[in-house]
Amino acid sequence: QVQLVESGGGLVQAGGSLRLSCAASGGTFSRYGMGWFRQAPGKEREFVAGTSWSGGVTNYANSVKGRFTISRDNAKNTVYLQMNSLKPEDTAVYSCAATRGGVPYIDPTGYDYWGQGTQVTVSS
């Protein structure tokens with residue numbers, strides 16, 4: 001069983017930056033593909049970014065491409081989401097997820113483990 005714990009959320013002004021972290025335990029982190037998803041109030045969960053087990057393959061939602069960067073440190077069992085040029089529409093609960101498939105699925109049903117999430121609020 002893999003446990004995922006997110007951190008780094010908070011309140012930031014539009015144009016600012018945040019870095020989210022997701023620490024994994026209880027499994028072989030380097031085998032898992034990892035993804036970041038977000039869910040705003042009244043909206044469905046949406047894919048934000050994903051990385052393969054090695055970090056060699058990444059993908060992004062069009063809405064964050066060029067502003068967000070996903071990375072991972074397998075030695076630290078941690079995946080990161082660097083968020084720059086934040087916009088009010090980025091406000092959501094951000095959750096990380098792990099997939100035994102090893103690749104960054106866009107579909108949330110492809111993921112096996114989920115964290116509890118961290119709130120990101122961007123003020124205008």
Side-chain angles (χ1 to χ4, degrees):
Q1 187 74 8
V2 175
Q3 292 81 43
L4 302 173
V5 179
E6 301 94 338
S7 61
L11 173 64
V12 64
Q13 289 188 331
S17 299
L18 283 174
R19 188 176 82 154
L20 305 183
S21 299
C22 172
S25 61
T28 306
F29 178 75
S30 61
R31 294 180 180 177
Y32 293 98
M34 300 296 296
W36 284 98
F37 290 79
R38 66 187 182 187
Q39 188 166 20
K43 295 188 177 181
E44 292 188 354
R45 176 183 288 169
E46 65 171 347
F47 172 81
V48 175
T51 177
S52 62
W53 63 273
S54 66
V57 176
T58 58
N59 57 0
Y60 297 90
N62 287 334
S63 59
V64 307
K65 203 170 291 185
R67 300 188 297 124
F68 291 10
T69 302
I70 189 170
S71 62
R72 66 188 297 159
D73 185 337
N74 285 345
K76 295 182 177 180
N77 290 353
T78 302
V79 63
Y80 305 97
L81 185 68
Q82 178 66 44
M83 304 186 296
N84 299 329
S85 302
L86 282 161
K87 304 175 181 180
E89 51 263 44
D90 294 318
T91 295
V93 174
Y94 285 70
S95 300
C96 66
T99 171
R100 292 190 294 261
V103 295
Y105 298 114
I106 294 175
D107 187 341
T109 63
Y111 290 81
D112 303 291
Y113 307 101
W114 291 84
Q116 293 296 311
T118 185
Q119 177 70 46
V120 171
T121 303
V122 184
S123 62
S124 57

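By convention here, the first residue in the shown sequence is residue 1.
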In terms of hydrophobic clusters joined by side-chain contacts under 4.5 Å, are Val120 and Leu4 together?
-> yes
Is the ring centre of Trp114 less than 6.0 Å from the ring centre of Phe37?
-> yes
Who pairs with Glu89 by side-chain hydrogen bond (donor to acceptor under 3.5 Å, both in side chains), at least two apart in sequence or on another chain?
-> none
To the nearest 0.5 Å, atom NZ of Lys65 lies from atom CG of Asn59 at 8.0 Å
Using modelled atom types only, decide if a donor and an acceptor are shared between the side chain of Glu6 and the backbone of Gln116 within a distance under 3.5 Å.
-> yes
Evaluation steps, side chain to side chain contact (heavy atoms under 4.5 Å, CB included), between Val48 and Tyr60 | CA-CA 6 Å; Val48 175; Tyr60 297 90; over 6 Å; no
Take Tyr111 and Arg100 through the side-chain hydrogen bond (donor to acceptor under 3.5 Å, both in side chains) test and state the conclusion after the steps.
-> CA-CA 7 Å; Tyr111 290 81; Arg100 292 190 294 261; over 6 Å; no
State yes or no: do Leu20 and Tyr80 share one hydrophobic cluster built from I, L, V, M, F, W and Y residues joined by side-chain heavy-atom distances below 4.5 Å, directly or via other members?
-> no
From Ile106 atom CD1 to Thr109 atom OG1, the distance as rounded to the nearest 0.5 Å | 11.5 Å
Spatial distance of atom CD (Gln39) from atom CD (Glu44) [nearest 0.5 Å] | 8.0 Å
Look at the side-chain heavy atoms of Ile, Leu, Val, Met, Phe, Trp and Tyr, link any pair under 4.5 Å apart, and say whether Tyr105 and Val79 land in one connected group.
-> no
Output yes when a side-chain donor or acceptor of Thr121 lies under 3.5 Å from a complementary backbone atom of Leu11, and no otherwise.
-> no
Trp53 side chain near Arg31 side chain, heavy-atom distance below 4.5 Å | no
Side-chain donor or acceptor of Thr118 paired with backbone N/O of Gly9 under 3.5 Å | yes
When every non-hydrogen atom of Gln119 is compared with those of Val93, the smallest separation belongs to OE1-CG2, 3.2 Å
Between Asn84 and Ser17, is a side-chain hydrogen bond (donor to acceptor under 3.5 Å, both in side chains) present by the stated rule, with each step listed?
-> CA-CA 4 Å; Asn84 299 329; Ser17 299; 2.9 Å; yes
What are the two closest non-hydrogen atoms of Leu81 and Ala49, and how far apart are they?
-> CD1-CB, 4.0 Å
Evaluation steps, side chain to side chain contact (heavy atoms under 4.5 Å, CB included), between Tyr113 and Gln1 = CA-CA 8 Å; Tyr113 307 101; Gln1 187 74 8; 3.8 Å; yes
Measuring from Glu46:CD to Trp36:CH2, what's the distance to the nearest 0.5 Å?
-> 14.5 Å
Non-hydrogen atoms of Thr78 and Ala23 that approach each other most closely | OG1-CA, 4.1 Å
Which heavy atom of Ala40 sits nearest a heavy atom of Ala92, and at what distance?
-> N-CB, 3.8 Å
Between Ser124 and Pro88 the two heavy atoms that sit nearest each other are CB-CG, 3.8 Å
Can you check whether Phe47 reaches Arg38 side chain to side chain, under 4.5 Å on heavy atoms?
-> no
Value for CZ (Phe68) from OG (Ser85), rounded to nearest 0.5 Å, stands at 9.0 Å
Rounded to the nearest 0.5 Å, how far apart are CG of Leu86 and CZ of Arg67?
-> 6.5 Å
Compare every heavy atom of Asn74 with every heavy atom of Ser30, then report the nearest pair and how far apart it is.
-> CB-ND2, 3.7 Å
Does NZ or CZ of Arg72 lie under 6.0 Å from the centre of the six-membered ring of Phe29, at an angle within 45° of the ring axis?
-> yes
